[in-house]
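Worksheet for the structure shown next.
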Amino acid sequence: MTKVLLVHTVSLWRASLASLLSRDPGLKVSATDLDGVPAALAESPSDIVLTDLDCPDSRDIMRLVESLRGGRQGQHIALAVLARRNRIGDLRTAFEAGATGYIDKFGPVDHLCEVVRKVGAGGRHIDESLAFTLLQASEVPLSSRELRVLSLAADGESVASIARSLCLASGTVRNYLAAAIRKTGARNRLDAIRLSKECGWL
């Protein structure tokens, strides 16, 4: 029996995915949002955590799972993500968080449970449709934190607002923005955002 922890912020999507996975008798599925992850893993250690990169808290979910996995005395917790091939920045974050399962959310439904079992057992899986994008993701010049800061700036957030959101000093946020401008070869912040969007990093 593979124990699956499904993590999604949107309750309707969380319930729908849990219902789909629960049809497989080889999967024992629990579902929660970001805030419920520590308690869910403490109550019933899981073999695999599954999340959706379109989920509003996906990056925070992956970072939390990575940190908890590192503190569980080596106990294996696999991470699998539902992804779209045009989201290079999110795929890179998943890669850096140690995800070993990459599932195209526009792919066939009937192989989802099989992939989850495989990754939960310690295997690896990358849908063919995501392979090239994942390769590109490994070549993104910006760090995940630089991408996150630039993404918030693209949403119109001020330096002070980004600093509060990420629990950073304003000077640190400016340093990340300056690094992003330098690495993208941009003229300024807006140009860095434009170039990053054109490359599919944001």
Side-chain angles (χ1 to χ4, degrees), residues 1-34 36-37 40-41 44-70 72 75-140 144 147-148 151 199-202:
M1 179 71 71
T2 301
K3 295 180 180 179
V4 183
L5 179 60
L6 171 65
V7 187
H8 205 299
T9 304
V10 183
S11 58
L12 179 59
W13 295 350
R14 185 169 67 238
S16 299
L17 283 167
S19 177
L20 176 61
L21 292 167
S22 296
R23 296 177 186 175
D24 190 313
L27 300 177
K28 182 179 180 182
V29 183
S30 301
T32 187
D33 58 11
L34 171 64
V37 171
L41 288 176
S44 178
S46 300
D47 300 305
I48 178 172
V49 171
L50 175 66
T51 192
D52 180 352
L53 293 187
D54 283 331
C55 171
D57 291 328
S58 66
R59 290 179 182 239
D60 294 328
I61 290 167
M62 288 186 288
R63 292 190 187 100
L64 177 58
V65 171
E66 183 182 16
S67 67
L68 291 174
R69 182 170 47 196
R72 290 170 62 84
Q75 183 171 344
H76 173 73
I77 307 175
L79 173 63
V81 295
L82 295 164
R84 290 189 285 166
R85 55 186 168 184
N86 62 340
R87 300 292 291 273
I88 296 179
D90 287 337
L91 281 169
R92 177 171 180 176
T93 301
F95 178 79
E96 292 179 343
T100 50
Y102 299 85
I103 306 161
D104 188 341
K105 63 186 299 179
F106 293 103
V109 173
D110 55 5
H111 87 311
L112 176 61
C113 294
E114 178 184 350
V115 171
V116 169
R117 287 198 308 272
K118 175 183 176 181
V119 176
R124 292 178 176 272
H125 177 87
I126 303 173
D127 275 349
E128 185 176 344
S129 56
L130 297 175
F132 181 68
T133 307
L134 187 58
L135 178 62
Q136 289 179 304
S138 66
E139 299 173 349
V140 176
S144 58
L147 284 169
R148 181 59 175 154
S151 175
C199 292
W201 303 336
L202 292 181

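Note that the structure is predicted; figures quoted are calculated from it, not measured.
The minimum heavy-atom distance between A18 and A31, with the atom names listed, is CB-CB, 4.2 Å. Closest of all the heavy-atom pairs between Y102 and F95 is OH-CA, 3.2 Å. Between T100 and A78, the closest heavy-atom pair is OG1-CB, 4.1 Å. The minimum heavy-atom distance linking I77 with V49 is given by the pair CG2-CG2, 3.9 Å.
Distance alone, capped at 3.5 Å, places no donor-acceptor pair between the S19 side chain and the A15 backbone. Between the side chain of K3 and the backbone N or O of I48, no donor-acceptor pair lies under 3.5 Å.
If you take CZ on R63 and CZ on R148, they are separated by 6.5 Å, rounding to the nearest 0.5 Å. Note that CZ of R117 is 11.0 Å distant from CE of M1, once rounded to the nearest 0.5 Å. Distance check: L91 CG to L53 CG gives 6.0 Å after rounding to the nearest 0.5 Å. Within the model, atoms CD of E114 and CG of L112 stand 10.0 Å from one another, a figure rounded to the nearest 0.5 Å. To the nearest 0.5 Å, atoms CE (M62) and OG (S144) are separated by 9.0 Å. Atom CZ of R85 sits about 9.5 Å away from atom CZ of F106, to the nearest 0.5 Å.
Taking 4.5 Å as the limit, some side-chain heavy atom of L64 sits within range of a side-chain heavy atom of L34. Put simply, the side chain of R84 does not reach to within 4.5 Å of the side chain of D90, judged on heavy atoms.
Around atom NZ of K105, more than 12 heavy atoms belonging to other residues, nucleotides or ligands sit under 6.0 Å away.
When the options L21, T2, V29 are evaluated for a side chain to side chain contact (heavy atoms under 4.5 Å, CB included) with C113, the one that passes is L21. Here the rule is side chain to side chain contact (heavy atoms under 4.5 Å, CB included) with L82, and of D54, T51, D127, L50 only L50 fits it.
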